[in-house]
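As the structure lists them, so they are numbered: ligands from 1, and atoms in each ligand from 1.
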Amino acid sequence: LPVAYRRLLPDLAPPRAKPARPLPCHPSPGRRLPAMDSAHVENDLVNVLFTEAQIQQRLQEMAEEIERDYEGEELLIVGILRGAVMVMADLARSFSRHIEMDWMAVSSYGSGTKSSGVVRILKDLDTDISGRHVVIVDEIIDTGLTLSWLTSNLSSRNPASVQIATLLRKPEALQMPVDVKYVGWDIPNEFVVGYGLDYREKYRNLRDIGTLAPHVYS
Ligand code: PRP
C-alpha cells in the first residue's frame with residue numbers, strides 16, 4: 001500500500017484470538033443494567049409477583065427438566081413473538097446442551113373475535129419441523145386459545161413431537177384445554193406485566209413480573 005494511503009488508515013491491531021466460549025453457557029449472576037427511571041416504571045407495580053432471581057431460578061429448573069426429557073434427541077424451541085422474547089433468551093441460555101431456536105408471530109383476528117380462537121400467522125417458522133422435536137415457548141397462557149391453535153397447526157406439519165413450555169398460566173382464565181408440559185407458575189386471573197408482558201406495549205422490559213397499580217389505568 002502506498003505510504004500516503006497507509007497514513008489514512010487507522011492503526012490496525014493484529015486480530016485477537018476469540019476467547020473460547022464453551023457450552024454450557026449459563027447467565028452470569030449479579031449483572032444488572034442501569035435501573036430505569038424508577039419513579040415512572042418500577043413504582044407502577046403495585047405488587048411484584050416474581051422477582052428477576054425467582055424467574056431465572058425457575059427457568060433453570062424448567063431447562064433441566066426439558067433436558068432430561070429430550071436426552072439424546074435434537075430439540076427445536078419455538079418462541080412466540082413478541083412477549084416470549086425474554087423467556088426464550090433466558091431459557092435458551094439455561095440449557096447445557098445444543099438447541100435450535102426459531103420464532104413465530106401470530107395475531108388473533110382483532111380483539112373482538114379473539115374468543116373465536118382463530119389465529120393469523122404474521123411470521124411463520126423458517127424451519128421445516130417435519131420429524132423434529134419441538135417445544136413451543138411462551139410467557140403466558142391466558143385463555144389458551146393461541147397455544148391451542150398453534151399446537152394443532154404445528155402438529156399438522158408432521159413433527160416428531162410438539163410440547164408447550166410457558167412461564168405463566170392462568171387456570172381460571174382457560175377457555176380451551178391446552179396440554180402444557182412445562183409450566184413455570186400458575187397464577188390468579190390478574191393482569192400482569194413485566195418480563196415480556198405488556199400493558200399498551202409498555203412494561204415488557206421490566207425484569208420482574210407484577211401487577212399494575214390502579215393509577216396507571218386511570
Ligand atoms: C400473549 C401471549 C400468548 C397469548 C396468550 O400474546 O404471548 O401468545 O397472549 O393468550 P391466550 O391464552 O388468551 O390466547 P399477545 O397476544 O399479548 O401478544 P404479544 O406476545 O405480542 O404481547
Side-chain angles (χ1 to χ4, degrees), residues 36 41 44-45 49-50 52 54-56 58-59 62-63 66 76-94 101-127 129 134-157 159 162-212 216-217:
M36 289 179 289
V41 182
D44 289 353
L45 294 187
L49 292 179
F50 304 107
E52 179 182 11
Q54 288 173 316
I55 294 167
Q56 295 303 326
R58 190 69 191 106
L59 288 177
M62 290 170 72
I66 293 170
L76 173 73
I77 63 173
V78 172
I80 309 305
L81 295 167
R82 290 164 286 177
V85 166
M86 315 299 179
V87 179
M88 276 287 275
D90 288 336
L91 181 71
R93 289 179 292 178
S94 298
M101 300 167 76
D102 203 343
W103 301 88
M104 285 184 81
V106 296
S107 164
S108 52
Y109 277 112
S111 54
T113 57
K114 187 165 185 178
S115 59
S116 69
V118 179
V119 171
R120 186 163 50 114
I121 296 178
L122 303 177
K123 185 228 167 284
D124 207 340
L125 295 174
D126 294 323
T127 315
I129 60 168
V134 176
V135 173
I136 305 171
V137 176
D138 217 338
E139 83 286 7
I140 192 164
I141 293 180
D142 203 325
T143 63
L145 295 170
T146 307
L147 268 293
S148 168
W149 187 92
L150 264 175
T151 307
S152 84
N153 181 282
L154 295 194
S155 297
S156 72
R157 306 184 193 193
V162 178
Q163 297 292 351
I164 296 171
T166 183
L167 185 62
L168 303 177
R169 179 176 61 181
K170 293 181 179 176
E172 296 158 22
L174 273 181
Q175 294 178 19
M176 187 77 81
V178 192
D179 188 13
V180 186
K181 189 151 190 196
Y182 309 100
V183 182
W185 293 284
D186 280 326
I187 60 168
N189 192 9
E190 287 176 0
F191 192 82
V192 291
V193 295
Y195 200 69
L197 293 151
D198 73 302
Y199 171 63
R200 295 186 173 174
E201 292 305 325
K202 296 197 169 54
Y203 302 99
R204 291 191 199 270
N205 56 330
L206 286 180
R207 289 169 179 270
D208 302 332
I209 293 173
T211 47
L212 277 178
V216 178
Y217 297 95

Student: Indicate whether the side chain of D138 and that of T166 have a donor and an acceptor atom separated by less than 3.5 Å.
Tutor: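 On atom types as modelled, these side chains do not qualify, holding no pair under 3.5 Å.
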Student: Taking 4.0 angstrom as the limit, do D124 and R157 come out as a salt bridge?
Tutor: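 Yes.
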Student: Determine the interplanar angle of the W185 and F50 rings, folded into 0 to 90°, and report it as parallel if under 30°, tilted if 30 to 60°, perpendicular if over 60°.
Tutor: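 Parallel: the ring planes of W185 and F50 meet at under 30°.
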Student: Taking atom CD1 of I141 and atom CZ of R169, what is their separation to the nearest 0.5 Å?
Tutor: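 Going from the CD1 atom of I141 to the CZ atom of R169 covers 7.0 Å.
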Student: I'd like to know whether ligand 1 has G144 as a neighbour, heavy-atom separation below 4.0 Å.
Tutor: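 Yes; G144 lies near enough to ligand 1 that a heavy-atom distance drops under 4.0 Å.
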Student: Taking only heavy atoms of D198 into account, list the atoms of ligand 1 that are under 4.0 Å away from them.
Tutor: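 Under 4.0 Å from D198, ligand 1 has these atoms: 22 (O).
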Student: Using a strict cut-off of 4.0 Å, indicate which atoms of ligand 1 neighbour a heavy atom of I140.
Tutor: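 Answer, ordered by atom number: 2 (C), 3 (C), 5 (C).
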Student: Is it the side chain (CB and beyond), the backbone, both or neither of R204 that lies under 4.0 Å from ligand 1, heavy atoms counted?
Tutor: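 Under 4.0 Å from ligand 1, R204 contributes side-chain atoms alone.
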Student: Between ligand 1 and V106, can you find any atom pair, the residue atom being a heavy atom, that is separated by under 4.0 Å?
Tutor: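 It does not, in that no heavy atom of V106 comes within the 4.0 Å cut-off of ligand 1.
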Student: Are any of the side-chain nitrogens in E139 or R82 under 4.0 Å away from the carboxylate oxygens of its partner?
Tutor: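 Not counted as a salt bridge, because no side-chain N and carboxylate O are separated by less than 4.0 Å.
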Student: Would you kindly say whether Y195 and D90 are connected by a side-chain donor-acceptor distance under 3.5 Å?
Tutor: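 A donor-acceptor contact under 3.5 Å links the two side chains.
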Student: What atoms of ligand 1 come within less than 4.0 Å of a heavy atom belonging to L145?
Tutor: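 So the atoms of ligand 1 that pass are 12 (O), 14 (O).
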Student: Report the member of E139, R169, R82, K170 with the shortest heavy-atom distance to atom 6 (O) of ligand 1.
Tutor: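 Shortest heavy-atom distance from atom 6 (O) of ligand 1: E139.
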Student: Would one find more than 12 heavy atoms of other residues, nucleotides or ligands at under 6.0 Å from atom NZ of K123?
Tutor: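 Enclosed.
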Student: State the atoms of ligand 1, each with its element, that fall below the 4.0 Å cut-off from a heavy-atom position in T143.
Tutor: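 Checking each atom against T143, I get 11 (P), 12 (O), 13 (O), 14 (O).
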Student: Give the contacting part of D138 toward ligand 1: side chain, backbone, both or neither, where contact means a heavy-atom distance below 4.0 Å.
Tutor: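 The part of D138 near ligand 1 is the side chain, not the backbone.
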Student: If I apply the N/O under 3.5 Å rule, does A84 come out as touching ligand 1?
Tutor: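 N/O-N/O distance under 3.5 Å: no.
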